[in-house]
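Order of listing sets the numbers, starting from 1, for every ligand and every atom in it. Quick note: numbers below take in every heavy atom, side chains included, and nothing from hydrogens, waters or symmetry partners.
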Amino acid sequence: MVETSRLTNLMIRQQMVGRWFFGFIQTFFAILPAGVYLMAGVVLHAGLKGGVSVGTLVSFTTFQSALFFPIGQLLNIQVELQGALALFDRIFQYLDLPIEIADRPGAITIPAAAIKGQIGFENVTFSYEPGITPAVQGVTFGADPGQLVALVGPSGAGKSTLTYLMARLYDVDQGRITLDGHDLRDLTQATLRAAIAVVTQETFIFHSTIRENLLVGRPNATEEELIAAGKAAAIHDRIMELPGGYDTVGGERGYRLSGGEKQRVALARAILKNPRVLILDEATSALDSHSERAIQDAISQLMEGRTTIAIAHRLSTILAADLIVMLDHGHIVERGTHTQLMAQGGAYSRLYLEQFARQPLEAVS
Ligand code: ATP
């Protein structure tokens with residue numbers, strides 16, 4: 001609220017800057033021809049020697065207003081220029097920020113095809129800022145190639161943080177995360193980007209055609225592969241209904257896709273990319289049962305044969321998981337399969353009854 005009123009005041013101030021000055025200049029420009037006519041009238045009336053002719057007078061005032069208009073515009077530019085310079089300052093401050101995640105000298109490159117997809121979290125601790133309580137603490141678990149790990153736990157438990165760390169959006173403070181036995185920090189970022197696809201609830205659609213948005217996953221994919229991915233993600237038919245099909249421009253200023261459609265675009269991107277490791281943040285938003293089913297089928301297909309770390313919100317995911325990791329306040333509090341954890345009758349079984357048990361059985365595939 002305080003910030004909003006500050007913004008309002010600043011915007012009013014921005015609009016008012018120099019307005020008094022412009023008001024004065026413009027009034028001056030508007031009344032100047034009248035002054036010129038008055039003076040010329042006096043001169044003509046007095047019949048002074050060397051006085052102006054009516055023709056000179058009219059052309060003078062006409063040219064005068066033609067000259068004043070650009071001068072007025074030039075004066076206006078000053079205010080816009082100041083605003084733009086301030087903006088440039090902010091942009092350069094941002095661009096000059098040091099890059100926190102960079103390739104180590106001697107970092108190794110592994111071709112995407114050679115990655116098996118074995119993942120290890122070894123005693124991982126991380127906090128977003130030094131001195132604050134770590135978002136995850138002493139987390140250890142692993143996934144063999146092709147396995148599904150479901151992360152569950154209350155809000156703020158650290159599930160998203162673990163997925164960010166896996167994608168190396170941040171580096172761990174203590175411990176290490178490995179891919180095929182290599183510490184992520186010893187691999188080039190290109191290796192990691194090629195090996196991992198991330199499908200989250202917030203998908204960014206670039207201001208470009210749907211085709212280009214999908215090809216982000218694999219720029220050299222053929223038209224057939226593109227359409228196959230669209231179909232597998234249950235978005236092909238919807239795209240064909242759009243005015244330009246795959247050439248429809250999406251993004252902020254283009255065709256606005258719905259939340260569910262964006263999510264399916266993200267799935268199609270991931271299917272095209274065909275990564276060894278999939279990081280999935282399952283949607284919590286309710287979709288109609290048809291779209292829900294379509295997305296669920298696409299996700300199940302996408303997970304097949306890949307190592308998947310999923311922030312699980314669906315019954316089908318936790319039931320299919322090889323390992324469920326239950327987090328609370330950044331710590332692993334329980335781990336095991338659904339059957340094992342239910343038998344323990346601990347925190348997971350309570351969470352299951354609260355969050356998952358009420359989901360319809362047909363969601364299980
Ligand atoms: P949810 O289910 O609500 O998404 P989560 O289990 O994914 O929660 P995280 O988003 O990983 O939880 O958050 C773990 C902790 O880290 C929380 O206490 C949160 O406030 C904190 N946190 C998350 N992101 C940041 C950030 N960018 N800067 C500082 N603290 C953060």
Salt bridge (Lys or Arg N to Asp or Glu O under 4.0 Å) pairs, two or more places apart, involving residues 95-107:
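Counting only pairs at least two positions apart or across chains, the salt bridge (Lys or Arg N to Asp or Glu O under 4.0 Å) contacts touching residues 95-107 are Arg104-Asp186.
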I'd like the residue list for ligand 1, meaning every protein residue with a non-hydrogen atom under 4.0 Å from the ligand.
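Residues Tyr128, Ala135, Pro154, Ser155, Gly156, Ala157, Gly158, Lys159, Ser160, Thr161 each place a heavy atom under 4.0 Å from ligand 1, listed by chain and number.
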Please tell me if the side chains of Phe121 and Ile309 come closer than 4.5 Å, counting only heavy atoms from C-beta onward.
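SC-SC contact between Phe121 and Ile309 confirmed.
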With a 4.0 Å cut-off on N to O distance, would you call Arg238 and Glu241 a salt bridge?
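Between Glu241 and Arg238 there is a salt bridge, with a charged N closer than 4.0 Å to a carboxylate O.
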Tell me who clusters with Tyr37, hydrophobic residues only, linked when side chains sit under 4.5 Å apart either directly or through other members.
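Once heavy-atom contacts under 4.5 Å are chained together, Tyr37 belongs with Val36, Leu57, Phe60.
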Can you pull out every ring-ring contact (aromatic ring centres under 6.0 Å, His included) where at least one residue sits in residues 217-245? Sequence neighbours excluded, please.
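Qualifying pairs, neighbours excluded: His236-Tyr246.
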Taking the ring of Phe68 and the ring of Phe28, is the distance between their centroids below 6.0 Å?
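So the answer is no for these two rings.
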